[in-house]
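Note sheet for the following structure.
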There are 2 protein chains.
Amino acid sequence: MTALKRIEREPLWDLAHAQLRDALLAGRFAPGTVLTLRALAESFGTSITPVRDAVTRLVAQGVLQQGPRNAAIVPQLTARELADLTVVRCALEGQAAREAARRRNTAGLERLKSLLATMQSLISAKNLESYLDYHRQFHFEIYAMSGIPILVETIENMWLRCGPVLSFVIPEYVVLLKGWDHHTAALKAIVAGDADAAEREIVADITEAADYLASLADANGQLRRPLRETMVAS
Amino acid sequence: MTALKRIEREPLWDLAHAQLRDALLAGRFAPGTVLTLRALAESFGTSITPVRDAVTRLVAQGVLQQGPRNAAIVPQLTARELADLTVVRCALEGQAAREAARRRNTAGLERLKSLLATMQSLISAKNLESYLDYHRQFHFEIYAMSGIPILVETIENMWLRCGPVLSFVIPEYVVLLKGWDHHTAALKAIVAGDADAAEREIVADITEAADYLASLADANGQLRRPLRETMVAS
DNA sequence: TTAAGATGTTTGTTATAACAAACACCAAAA
DNA sequence: TTTTGGTGTTTGTTATAACAAACATCTTAA
């Protein structure tokens, strides 16, 4: 009886959490937007109770900031906060890359090679939208290879925090790269089981992207938002 | 008008969150205990709504695990999970020690020296209860010196996850140490601005404590709970 | 004696109403 | 014109009731 998928009645607040999470990660909410419970509830077609649970969870994860009067606002990263996040990401993702090089397996390596090939073809085709998806999958395939769930979970949290900023700037950054990139080098290092090189390449990948983002900050340390359609809580 | 303290009406769910957090950290809940909303609400003397918010937040932070039927249960760390947590802690706290050595200031160093002196006197007096408080303060004084709030916040999260296990085993471990310890060495390294040594000592402090804990695990990888009074949800 | 089914209880989920603090808007006085 | 005071609205917080799924318990039939 494995033909039938298990019916799982997921709670409403779980669905709301997933939707908000994806929207944040995709940058569909303008930084600084205040999310009101009743507005979100109306968008979802539920009462405010499940929405409140979802927002509480996001705030606890640090994905949403809490403004005055405990209002949930979409975080607006300063250049300083981005630099801090970069330090934490380098420590976590560098360590994950080390462990991945140590505990590599053939199945995972095949998936990484496939993902990398897809990424390169998407760059050539200038399909930068779906490139982001595969870029994320590539990184987390490495991190999952570390075999340390808590590490992967923590890294995911950091990506969520800088997601709204990162997700729409990377495409423009990617096209600046000429042929050789740190992703290819990182995969080669992991295949060779070279933990030092794997960490070095991942850290370089993170810091170079962060440096590019920091160069876009204005005099106040605010990261300007590029011109793109954004969605606010209606 | 600075004589009067500002009256701030903290929400009930915030108070409940703080109480549960402290109880977890102090190990007053036996691992594996299922926390029911109505029982907790009765203990707090409130309705289940604020308690639900507090539990939701703790689950989102990874401090509480969610069992079947979304029940919140006090996590029961396996030896494997403890090892994973140790890897993450070494990456994060090692990096924080590096930054602290780089951005050290005299005021913070004075506080560290004072804390260390208190710790040593408490060990001599065999007052292991309050030693834990100062031990925690010493570590986080270092991490705060890094000047990276997100890093400190993430480290706090990791301490909360292994808090119930760590808090009652360290005292027995401390008395095994002869005179020289990694805390003294870490402080000396930070004073000297030696980032490498600071990271090395902090990592050694973490791993040695973790190794001691791992030696207490039974054949199933479960960390046995020492004989001590525990509190369950009434 | 054992197993299957019915039943009552427990427990997380959701909707709703009431509440209080904060905000916005407007009018009146200086 | 500016400031002060009042008023209505917005918004997070809390309590409560109803609901459904899961669990435990007991009864009944083989």
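Numbers restart at 1 for each chain; the letters A, B, ... are given by sequence-line order, proteins then strands.
Comparing A/Arg69 and B/Pro68 against DNA chain D, the residue whose closest nucleotide sits nearer the 5' end is A/Arg69.
Nearest to the side-chain atoms of B/Trp13 among the listed nucleotides C/dT14, D/dA15, D/dT13 stands D/dT13. Of the candidates C/dG12, C/dA15, D/dT13, D/dT13 carries the atom nearest the A/Arg52 side chain, counting heavy atoms from C-beta on. The side chain of B/Thr46 has D/dA15 as its nearest neighbour among D/dA15, D/dG12, C/dA15.
Remark: B/Arg38 is not in phosphate contact with C/dT10, judged by side-chain N or O atoms under 4.0 Å from OP1 or OP2. Between B/Asn70 and the phosphate of C/dT11, there is no side-chain N or O to OP1/OP2 separation shorter than 4.0 Å. For B/Ser47, a side-chain nitrogen or oxygen approaches OP1 or OP2 of D/dA15 to under 4.0 Å.
In this structure, B/Tyr143 has its ring center under 6.0 Å from that of B/Phe140.
The distance between atom CZ of B/Phe44 and atom P of D/dA15, rounded to the nearest whole Å, is 12 Å. If you take CG of B/Asp14 and P of D/dT14, they are 9 Å apart, rounded to a whole angstrom. Rounded to whole angstrom, the span from the CD1 atom of B/Ile48 across to the C1' atom of C/dA15 amounts to 12 Å.
For the side chain to side chain donor-acceptor pair (under 3.5 Å) with B/Gln95, the qualifying choice from B/Glu99, B/Arg98, B/Glu93 is B/Glu99, the only one to do so.
Counting heavy atoms from C-beta outward, B/Gln65 and B/Gln76 have side chains that stay 4.5 Å or more apart.
A donor-acceptor distance shorter than 3.5 angstrom exists from the side chain of B/Thr56 to the backbone of B/Arg52, with no hydrogens or angles considered.
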